[in-house]
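To start, the structure itself, in structure tokens.
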Amino acid sequence: MLERYGLSFNPFPRGEAEQYRGDPDRLDIILFDAEKEKLRSFAKELDKTVASFAVVGPWGTGKSLFLIYFYKLLRNMYGADKVYFVYVKAPSNVEDMLTRICSELKIPIPKKFSYNDVVEAIRQRVKELVESGYIVYIAVDQLEETYRNIMQLEERLVPNLVAQLVETIRGKLSAMVDKRYALGIAVIDTVWQELTTRWQSLAGIDTLRLRTLEQEEIGIFVMRYLEKARSQEIIKEQGLEEVVRNNPLHPFTDDAIAELYKMSRGVQRNICSWAYDLLEKSKDKFDKIDSFVIRLLIDKKAYLRQRVVEEILPYHPMRVPMVVREVLSYIGLQHGSKYGIMWIGPIDKNTFLLNVKGKNTALFCIAKQHIDLDDIEPLLRYLQEGAAIGNEKVSIDNAIMLQVVSRQGVSYSKLIGTQANLQLAKFSARLRHKILDKDSLEEWGRLTAFYLYIKRELMGYITSDSDEDAEVREIIKLVGLL
């Protein structure tokens with residue numbers, strides 16, 4: 001029934017960018033003409049040189065699409081059968097990155113990983129392909145995941161591992177051969193700023209900076225997609241000639257565009273996904289899509305939480321302490337006076353100390369489906385003996401054990417062992433057990449979405465001070481501080 005809008009199909013893309021890997025000719029990027037021209041110039045020169053570039057910007061601004069768009073340009077210039085494309089998404093660490101590149105290049109992976117040997121094997125394979133007439137393009141997407149994972153390891157390991165990541169990108173992968181080769185990476189802007197500030201050598205990589213759209217650009221953005229699906233025959237059949245002439249955005253109204261901007265904060269991925277859903281949900285009900293229809297049909301927060309847990313920050317046990325620590329430290333610093341919460345700091349990598357209404361409270365995070373006595377013994381020791389914060393020993397008045405699990409069809413008895421449960425009962429006056437469902441958008445989804453919001457990677461999730469305060473109150477309840 002999209003014919004009622006003068007459309008032959010729904011033109012708005014949705015889903016992950018790698019859907020275009022197999023057929024990049026379907027990919028088109030609206031706006032960002034200067035950035036597209038920069039990629040075009042890289043592609044033109046590649047026959048006699050090499051290129052390395054970083055696509056940098058907030059979440060949802062098209063970084064992954066730009067990586068694959070460059071592949072499209074190379075195919076169009078040099079021939080689809082002459083471009084060897086290697087695509088690695090969200091590598092967990094340097095070893096994972098290099099191993100997956102080997103897999104894509106059809107290099108046998110040794111049982112025992114040797115960094116230098118693997119890098120040299122990649123270099124030799126790239127050289128062979130180039131000498132055989134190929135253009136080789138390696139794209140590493142969502143590099144922020146690699147950086148995040150490294151930063152969660154023991155503090156003494158972090159400097160060397162970050163240095164290895166930088167050396168891999170700048171010193172190894174960007175310098176495989178002297179022509180017909182390109183390296184592209186995509187990374188969140190805040191992470192790239194941290195890396196380039198500490199490691200000046202990365203500043204030598206050409207950077208394409210993407211951004212969110214302004215309100216007036218959203219109208220152009222939506223109109224360009226609608227033009228792809230406009231059918232003059234259908235427009236005439238539906239009697240829409242004057243309607244479309246007067247409003248090229250039909251069925252979207254001007255106030256709908258303003259509402260999309262307000263909800264999305266100009267994030268292109270959100271605009272495309274919401275526009276797609278609005279067309280599908282409205283086609284049998286509404287002749288036009290205005291701000292009322294948008295507010296009626298789109299649950300912004302639920303949508304963004306789902307995108308977070310499915311695509312942006314998929315659940316991993318290692319991320320639980322990181323997310324909880326960053327969220328609670330932010331709440332303590334920004335909202336603590338209102339709720340009587342003071343952030344003091346980490347006791348160990350899984351346990352954090354807060355003062356809640358005058359009581360020192362240890363919050364212990366664990367992401368295990370089943371907890372035994374061994375898992376909670378450090379927390380019990382803190383309750384009995386106190387804990388060291390820096391050079392100072394402090395007493396612990398209360399504790400919360402925050403267990404993040406999948407609760408689907410699982411009884412409480414399967415989540416915690418008998419001996420651990422007896423200790424919980426023994427310390428019940430001072431120790432509470434809170435369970436968060438990792439599959440719940442209202443629980444783990446809420447925490448991770450707020451984490452990305454405070455990291456400025458989920459713009460539009462919260463749009464006002466009162467909205468943030470309401471979200472903070474729900475999070476405090478979730479973790480048992482209220």
Side-chain angles (χ1 to χ4, degrees), residues 17-18 20-25 27 29 32-57 62-91 94 97-98 100-107 118-143 146 165-187 192 195-196 201-210:
E18 56 261 41
Y20 297 107
R21 179 179 179 177
D23 187 10
D25 290 334
L27 172 61
I29 294 178
F32 294 101
D33 293 336
E35 289 75 13
K36 288 188 289 187
E37 185 55 39
K38 197 170 186 179
L39 285 184
R40 204 169 281 113
S41 68
F42 291 159
K44 286 179 181 177
E45 298 295 321
L46 210 60
D47 195 37
K48 53 189 177 183
T49 187
V50 298
S52 58
F53 61 90
V55 188
V56 178
K63 299 182 297 298
S64 302
L65 290 175
F66 263 84
L67 287 183
I68 297 177
Y69 183 75
F70 187 64
Y71 174 45
K72 172 183 175 177
L73 293 176
L74 294 175
R75 284 165 52 103
N76 290 343
M77 289 185 187
Y78 298 100
D81 60 341
K82 289 298 182 181
V83 180
Y84 201 110
F85 182 37
V86 174
Y87 178 78
V88 175
K89 178 181 176 182
V94 170
M97 180 195 303
L98 296 177
R100 287 162 64 184
I101 290 173
C102 284
S103 179
E104 294 251 339
L105 289 170
K106 298 180 174 58
I107 299 171
V118 169
V119 168
E120 183 57 30
I122 293 171
R123 189 194 313 278
Q124 289 299 323
R125 177 63 173 145
V126 169
K127 183 180 177 183
E128 290 171 8
L129 289 167
V130 167
E131 290 175 349
S132 299
Y134 285 96
I135 295 283
V136 180
Y137 170 37
I138 296 178
V140 181
D141 198 2
Q142 296 183 13
L143 190 68
T146 319
L165 173 63
V166 172
E167 172 63 14
T168 301
I169 294 296
R170 189 66 182 118
K172 304 299 183 183
L173 292 180
S174 63
M176 291 275 115
V177 288
D178 58 5
K179 64 178 181 179
R180 298 180 68 83
Y181 171 77
L183 170 70
I185 62 175
V187 60
W192 187 245
L195 284 169
T196 52
S201 64
L202 287 175
I205 295 179
D206 286 294
T207 305
L208 282 73
R209 296 192 179 276
L210 306 184

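Atom set for the values below is all heavy atoms of this structure, side chains included, hydrogens, waters and symmetry mates excluded.
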Any salt bridge between Glu104 and Arg21, counting N to O under 4.0 Å? yes

I'd like to check Val187 versus Gln142 (side-chain heavy atoms, cut-off strictly below 4.5 Å). Are they in contact? no

Verify, without hydrogens or angle tests, whether Arg123 (side chain) and Ala175 (backbone) share a donor-acceptor contact under 3.5 angstrom. yes

Below 4.5 Å, heavy atoms only, C-beta onward: do Val83 and Tyr134 meet side chain to side chain? no

Stepwise side-chain contact (heavy atoms from CB on, under 4.5 Å) check, Phe53 with Thr207: CA-CA 6 Å; Phe53 61 90; Thr207 305; over 6 Å; no

Gln124 and Glu120: side-chain donor and acceptor closer than 3.5 Å? yes

What distance separates Tyr69 OH from Glu35 CD, expressed to the nearest 0.5 Å? 11.5 Å

Within the 4.5 Å heavy-atom criterion, are Tyr78 and Asp47 side-chain neighbours or not? yes

So OG of Ser52 and CE of Met176: to nearest 0.5 Å the spacing works out to 11.5 Å

If you apply the rule side-chain contact (heavy atoms from CB on, under 4.5 Å), what do you find for Leu105 with Val86, and how did you get there? CA-CA 7 Å; Leu105 289 170; Val86 174; 3.6 Å; yes

Do any N or O atoms from the side chain of Arg209 and from the backbone of Val55 form a donor-acceptor pair under 3.5 angstrom? no

Report yes if the side chains of Ile205 and Trp192 come closer than 4.5 Å at any heavy-atom pair, otherwise no. yes

Ser64 meets the side-chain hydrogen bond (donor to acceptor under 3.5 Å, both in side chains) criterion, sequence neighbours left out, with Asp141

Could you tell me whether a side-chain N or O of Lys172 sits under 3.5 Å from a main-chain N or O of Val119, the two making a donor and an acceptor? no

Would you give the length of the straight line joining atom CZ of Phe42 to atom CG of Leu73, rounded to the nearest 0.5 angstrom? 11.5 Å

Step by step, would you call Val140 with Leu67 a side-chain contact (heavy atoms from CB on, under 4.5 Å)? CA-CA 8 Å; Val140 181; Leu67 287 183; over 6 Å; no

Evaluate whether atom CZ of Phe32 has more than 12 neighbouring non-hydrogen atoms of other residues, nucleotides or ligands under 6.0 angstrom away. yes

From CG (Asp206) to OG (Ser174), nearest 0.5 Å: 11.0 Å

Are Lys48 and Glu45 ion-paired here, with the side-chain N under 4.0 Å from a carboxylate O? yes

Gap between atom OG1 of Thr168 and atom CG of Leu173 - 0.5 Å precision: 6.5 Å

All heavy atoms of Lys63 vs all of Ala186, minimum pair found to be CB-CB, 3.9 Å

Heavy atoms, side chains only, cut-off 4.5 Å: are Val136 and Val130 in contact? yes

Taking C-beta and beyond as the side chain, do Ile135 and Leu129 meet within less than 4.5 Å on heavy atoms? no

In Å and rounded to the nearest 0.5 Å, what is the CZ to CG distance from Arg40 to Asn76? 9.5 Å

Got a donor-acceptor contact below 3.5 angstrom from the Thr49 side chain to the Leu46 backbone? no

What is the ring orientation for Tyr137 with Phe70, classed by angle as parallel under 30°, tilted 30 to 60°, or perpendicular over 60°? perpendicular

Counting C-beta onward and ignoring hydrogens, is there a side-chain heavy-atom pair between Leu98 and Ile122 closer than 4.5 Å? yes

Take the angle between the ring planes of Phe85 and Tyr71 and call it parallel below 30°, perpendicular above 60°, tilted in between. parallel

Minimum heavy-atom distance Ala203-Thr196, with the two atoms named: N-CG2, 4.4 Å

Heavy atoms of other groups near Lys38 NZ, more than 12 under 6.0 Å: yes

Can you see which heavy atom on Arg75 is nearest to which on Pro24, and at what distance? NE-CG, 3.3 Å

Do the non-hydrogen side-chain atoms of Leu165 and Met97 ever get within less than 4.5 Å of each other? yes

Is a side-chain donor or acceptor of Arg100 paired with a backbone partner of Val88 at a separation under 3.5 angstrom? no

